Amino acid sequence: MTTEKIVLVVDDEAMIRESVSAYITQQGYQVLTAEDGKEALEIFQKKPIAFIILDLMLPGMSGEEVCQIVRKQSRVPIIMLTAKIQEEDVLNGLDIGADDYVMKPFSIKQLYARMEAILRRTTDDLKPLAQKFSWNNDDLQIDFEHNEVRKQGELLNLTPSEWKILSALIKYPKKVFSRENLIELVFGPDFDGYDRVIDTHVKNLRKKVELDPRKPIYIKTVHGLGYKFGGDKD
């Protein structure tokens, strides 16, 4: 681990902030804490945060609101802590940009393991065949060297999970990825949540890279099998 990575823990319960902070600090990370959304955003604007652990049930500004504001500026990985058990609540959290979720009460070791898995997936990547690609007269461009994706020249703000899915599809354009393939790619082999989370990430990705998400030309569905990349290179 490295103290260069700063983890922001946001929860209104002091016991959770202190216990999570203490454990992650022991693993070699620097940890900052916030007890509400306003304080969390102030820290986020001032510090180079590498990871956010975010409670959704915060006083004043909700965790959902914090997540949405962060996602407009950054694709820093976010794990949401939630006491909500309905599938719709979890999918909504992923829909606004969270990368994973952990239900309360939770094991701190499990939370840390999920954080580490997400950090590995966002830093350790398969080497692409080239550093830059473009499709359909520069309609869509990807730069693996700088981790940038542009749509009609405009820089897109992808979440780490969206970047991972798009990168895999592009690097293996003829491969059909099943939901299980993408779940392992994005969440790791120990994921035990809803398989529909992948559909949510794909839906969000299509909103960003497709001209008409209902008629995708890049992120294509292979019925009964999964997803594949369908763009024609320039």
Side-chain angles (χ1 to χ4, degrees), residues 1-35 37 39-41 43-44 47-58 63-64 66-71 73-84 89-125 147 157-165 167-168 182-194 197-198 200-201 204:
M1 303 336 116
T2 172
T3 53
E4 292 179 358
K5 291 184 182 294
I6 303 177
V7 179
L8 175 59
V9 178
V10 189
D11 200 296
D12 61 330
E13 296 183 48
M15 184 178 297
I16 290 179
R17 290 197 309 275
E18 292 167 3
S19 57
V20 171
S21 176
Y23 187 86
I24 295 177
T25 299
Q26 289 175 358
Q27 312 311 313
Y29 289 92
Q30 179 180 350
V31 181
L32 300 176
T33 63
E35 61 183 45
E39 183 183 9
L41 290 175
I43 294 173
F44 179 74
K47 299 290 184 178
I49 303 300
F51 203 97
I52 299 177
I53 297 172
L54 175 64
D55 181 27
L56 294 190
M57 303 292 287
L58 294 172
E64 286 96 337
V66 174
C67 184
Q68 287 175 316
I69 292 171
V70 169
R71 275 291 168 261
Q73 308 171 44
S74 169
R75 62 174 183 238
V76 59
I78 298 173
I79 285 182
M80 59 184 187
L81 306 178
T82 176
K84 299 178 179 180
D89 294 321
V90 172
L91 294 177
N92 179 63
L94 295 171
D95 194 43
I96 61 177
D99 296 281
D100 199 357
Y101 59 91
V102 172
M103 297 288 190
K104 289 183 174 182
F106 57 86
S107 158
I108 295 180
K109 289 184 179 180
Q110 180 192 61
L111 172 65
Y112 176 73
R114 292 203 180 190
M115 185 189 92
E116 281 283 274
I118 291 174
L119 284 172
R120 284 197 301 272
R121 291 193 297 273
T122 54
T123 55
D124 298 338
D125 206 0
N147 288 357
N157 187 21
L158 302 186
T159 68
S161 296
E162 291 165 0
W163 169 260
K164 196 70 177 180
I165 292 171
S167 297
L182 293 176
I183 283 174
E184 183 167 351
L185 184 71
V186 175
F187 295 107
D190 298 326
F191 179 74
D192 60 357
Y194 307 112
V197 300
I198 288 298
T200 300
H201 287 307
N204 292 339

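Nothing fancy with the numbering, it's 1 onward along the sequence. Note that this is a predicted model, so its numbers are computed, not measured.
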Taking side chain as C-beta onward, heavy atoms only, is Val10 less than 4.5 Å from Asp55?
-> no
With the side chain counted from C-beta on, respond yes when Tyr112 and Val7 share a heavy-atom pair under 4.5 Å apart, and no when they do not.
-> no
How long is the straight-line distance from [atom2] of [Y] back to [atom1] of [X], given to the nearest 0.5 Å?
X	Y	atom1	atom2	result
Met115	Tyr23	CE	OH	10.0 Å
Ile53	Ile108	CD1	CD1	9.5 Å
Leu81	Met57	CG	CE	12.5 Å
Leu158	His201	CG	NE2	12.0 Å
Ile49	Leu8	CD1	CG	5.0 Å
Met103	Thr82	CE	OG1	6.0 Å

Give me the atom names and distance for the closest heavy-atom approach of [X] to [Y].
X	Y	result
Lys47	Leu32	CG-CD1, 3.7 Å
Leu54	Gly63	CD2-O, 3.3 Å
Asn157	Glu162	O-OE1, 4.4 Å
Met80	Ala98	SD-CB, 3.9 Å
Val76	Phe51	CG2-N, 3.6 Å
Pro77	Ile118	CB-CG2, 3.6 Å

Option passing side chain to side chain contact (heavy atoms under 4.5 Å, CB included) with Arg71 (candidates Asn204, Ile78, Val66) | Ile78
Residues two or more places apart in sequence or in another chain: which of them pass salt bridge (Lys or Arg N to Asp or Glu O under 4.0 Å) with Glu39?
-> none
Does the pair Lys104/Asp11 count as a salt bridge with the N-to-O cut at 4.0 Å?
-> yes
